Number of protein chains: 2
Amino acid sequence: MPLVSKFHSSDKSSDKSSDQSSQQPTGNHFLNHLPVTIQQRLFEHMELVELPLGTVLYDAGEVMRYVYFPTNCIVSLLYVTENGSQAEIAVVGNDGFVGMSLLMGGESTISRGIVQSAGYAYRILGLRMKAEFNRHGELMDLTLRYAQALITQMAQTAVCNRHHSIEQQLCRWLLLSLDRLNDNHLVMTQELIANMLGVRREGVTEAAGRLHTKQVIDYSRGHIVVTDRPKLESICCECYSVVKAETDRLLPYCPHKT
Amino acid sequence: MPLVSKFHSSDKSSDKSSDQSSQQPTGNHFLNHLPVTIQQRLFEHMELVELPLGTVLYDAGEVMRYVYFPTNCIVSLLYVTENGSQAEIAVVGNDGFVGMSLLMGGESTISRGIVQSAGYAYRILGLRMKAEFNRHGELMDLTLRYAQALITQMAQTAVCNRHHSIEQQLCRWLLLSLDRLNDNHLVMTQELIANMLGVRREGVTEAAGRLHTKQVIDYSRGHIVVTDRPKLESICCECYSVVKAETDRLLPYCPHKT
DNA sequence: ATTAGACTGTACGGTATCGCACATAGCGCC
DNA sequence: GGCGCTATGTGCGATACCGTACAGTCTAAT
């Protein structure tokens with residue numbers, strides 16, 4: 001499938017902003033939900049860090065040191081099996097944070113947190129975060145609701161893995177990712193997507209080719225642009241909208257602003 | 001595959017105890033983990049209820065009224081898709097409780113809680129449970145760890161759905177269920193198992209037939225007996241042992257007794 | 001301008017699972 | 001003892017996905 005619009009030639013400006021990892025990280029919705037006083041307490045101990053593609057924030061069984069609040073990056077919670085095959089369990093972006101198990105008492109998880117789209121995140125020492133959590137205030141309430149949103153995403157992933165085609169799953173994955181970037185442009189190779197979905201790279205190539213034929217996406221060498229989002233949503237299985245609806249319900253839009 | 005040992009003819013005693021739903025419900029491990037004072041507070045408001053096969057404890061999007069602590073029954077957290085196909089997200093038995101979203105602040109979930117193996121459970125009004133939870137004591141700590149155990153189970157389900165054969169998934173399902181019954185005998189038709197796994201009934205028939213040929217299980221008309229559990233574990237994918245190890249880690253064996 | 005490397009496209013046989021149809025067998029009930 | 005229902009067994013073509021191999025194609029670096 002030949003490609004109509006190229007990225008590195010025709011679209012220099014938007015390209016630059018992505019390749020240089022968006023100098024101006026916007027806020028994190030989870031943090032924005034918190035009362036200003038709590039935000040201030042947390043921000044006293046937070047630092048903004050740059051997260052290149054492939055950074056492993058924590059690995060299976062490992063005790064995490066930091067909690068990360070992505071601003072313009074995407075982190076996959078990935079599971080790696082004994083024989084090396086993978087599957088994405090959930091995806092975290094500017095809607096939440098990475099390091100839930102630190103607050104749940106388990107300290108570690110069976111999954112791995114890995115940066116799938118480079119960008120920035122605020123991070124805070126797990127101990128600091130836990131201290132605020134243990135005040136049993138609004139941070140705890142919000143965290144629990146976000147935990148349930150994550151659970152929803154995992155459940156839906158399980159169902160989607162069972163019942164839906166690669167093409168549908170690709171749609172779901174694209175939509176979930178775009179929502180967490182507030183953009184219609186994704187820097188991501190088919191190979192990486194295949195790892196996330198736990199399928200062959202060729203399967204993704206085929207599915208992406210079909211979506212291109214249907215005039216829904218353009219893509220080229222690690223860049224994907226959604227050109228017709230409504231159509232993408234219509235092709236997608238219910239899994240995306242279920243997760244989105246539930247996430248919106250549990251974490252309604254931004255009461256506070258940074 | 002003809003069957004050697006029949007159940008309704010040769011094994012009247014163990015059969016009777018199952019068909020009549022085991023008059024003596026043993027304890028619930030989650031409750032046993034709690035300090036006696038908290039147990040007492042909870043038990044003041046609890047009642048023991050009989051749960052026949054197929055009872056729906058809560059449905060998707062529904063606000064739950066009660067929290068259930070199974071003693072000798074099994075409850076599946078099941079997801080039903082738009083077109084009616086199903087998939088089990090996690091299974092709850094005497095290791096935990098049903099109604100997590102009540103405590104997480106979401107009130108409802110996208111899944112359905114349905115009794116897969118008849119028996120008894122203690123139940124308590126959600127409001128009472130939440131009141132104790134809101135005291136931020138050991139019930140909260142334990143609940144959060146149990147939530148993480150549930151998350152682990154869901155994550156593993158997602159991976160298993162993606163990468164493993166029906167036979168392996170059947171093994172996982174059998175082992176998880178048996179652990180929650182403390183028995184090697186299961187009252188369960190292949191049709192129901194197929195619903196849980198989200199596969200065809202015929203697929204389960206085939207897989208079960210192979211397990212019988214391998215001398216691992218006996219079964220007949222809704223009764224399954226595991227005759228060689230070590231072998232069953234060896235055939236199973238890693239998914240069972242990962243979940244078991246993580247559950248044991250998060251909820252170590254019974255410090256308190258009822 | 002050339003080359004190396006990364007990304008994407010295509011092909012093909014193999015396999016697991018599906019959807020459907022129907023046959024057989026055990027058990028309760030009259 | 002016979003009937004009907006439920007549970008299980010089996011067969012067969014269709015399909016989605018896999019594993020592997022290899023061929024293009026774009027980009028960046030020299």
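Since this is a predicted model, take the numbers as computed values, not measurements. In the text below, chain A, chain B and the rest are named by the order of the sequence lines, each starting its count at 1. Excluded from the calculations below are hydrogen atoms, water molecules and symmetry mates; all remaining heavy atoms, backbone and side chain alike, are included.
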Rounded interatomic separation in angstrom, taking [atom1] from [X] and [atom2] from [N]:
X	N	atom1	atom2	result
Glu191(A)	dG5(C)	CD	C1'	14 Å
Ile217(B)	dT8(D)	CD1	C1'	13 Å
Leu197(B)	dA16(C)	CG	P	17 Å
Leu170(B)	dT17(C)	CG	C1'	15 Å
Ile224(A)	dC26(D)	CD1	C1'	16 Å
Leu211(A)	dG9(C)	CG	C1'	16 Å
Arg210(B)	dG9(D)	CZ	P	12 Å

Check: [N] base within 3.5 Å donor-acceptor of [X] side chain:
X	N	result
Arg221(B)	dG28(C)	no
Glu167(A)	dA16(D)	no
Glu202(B)	dC20(C)	yes

Nucleotide of [options] approaching [X] most closely (side-chain heavy atoms):
X	options	answer
Thr189(A)	dT8(C), dC27(C), dA21(C)	dT8(C)
Ile166(A)	dC18(D), dT17(C), dT10(D)	dC18(D)
Arg200(A)	dC20(C), dG9(D), dC18(D)	dC18(D)
Ser165(A)	dC17(D), dC20(C), dT8(C)	dC17(D)

- request: If the plane angle is over 60° it's perpendicular, under 30° parallel, otherwise tilted; pick one for His212(B) and Tyr219(B).
  value: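 Rings of His212(B) and Tyr219(B): perpendicular, as their planes differ by over 60°.
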message: Under 4.0 Å between a side-chain nitrogen and a carboxylate oxygen: does that hold for Lys214(B) and Glu167(B)?
response: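 Yes, this pair counts.
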TODO: Check whether any side-chain heavy atom of Ile151(A) sits under 4.5 Å from a side-chain heavy atom of Leu150(B), and report yes or no.
DONE: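 With C-beta onward as the side chain, the pair stays apart.
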inquiry  = With no hydrogens and no angle check, just 3.5 Å: does a side-chain donor-acceptor pair link Tyr79(B) and Gln156(A)?
reply    =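 Per modelled atom types, Tyr79(B) and Gln156(A) side chains form a pair under 3.5 Å.
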_Would you say Arg180(A) and Gln116(A) are linked by a side-chain donor-acceptor pair, where the criterion is simply a distance under 3.5 Å?_
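Checked: Gln116(A)/Arg180(A) side chains show no N/O donor-acceptor pair below 3.5 Å.
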query: When all nucleic acid strands are considered with a 4.0 Å heavy-atom cut-off, which category describes Gly203(B): base, sugar-phosphate, or nothing?
result: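 The answer is nothing, as Gly203(B) stays clear of every strand by at least 4.0 Å.
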Worksheet item: Contact class for Glu206(A) (heavy atom, under 4.0 Å): base, sugar-phosphate, or nothing?
Response: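 Nothing, no heavy atom under 4.0 Å.
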message: Tell me whether the side-chain N/O atoms of Tyr219(B) come closer than 4.0 Å to OP1 or OP2 in dG9(D).
response: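 The answer is yes; a side-chain N or O of Tyr219(B) sits under 4.0 Å from OP1 or OP2.
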Look at the side-chain N and O atoms of Gln190(A) and state whether any lies under 4.0 Å from the OP1 or OP2 oxygen of dA6(C).
->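 Checking Gln190(A) against dA6(C): no side-chain N or O falls below 4.0 Å of OP1 or OP2.
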*Which residue, Met188(A) or Arg201(B), contacts DNA chain C at a nucleotide closer to its 5' end, judged by nearest heavy atom?*
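Result: Met188(A).
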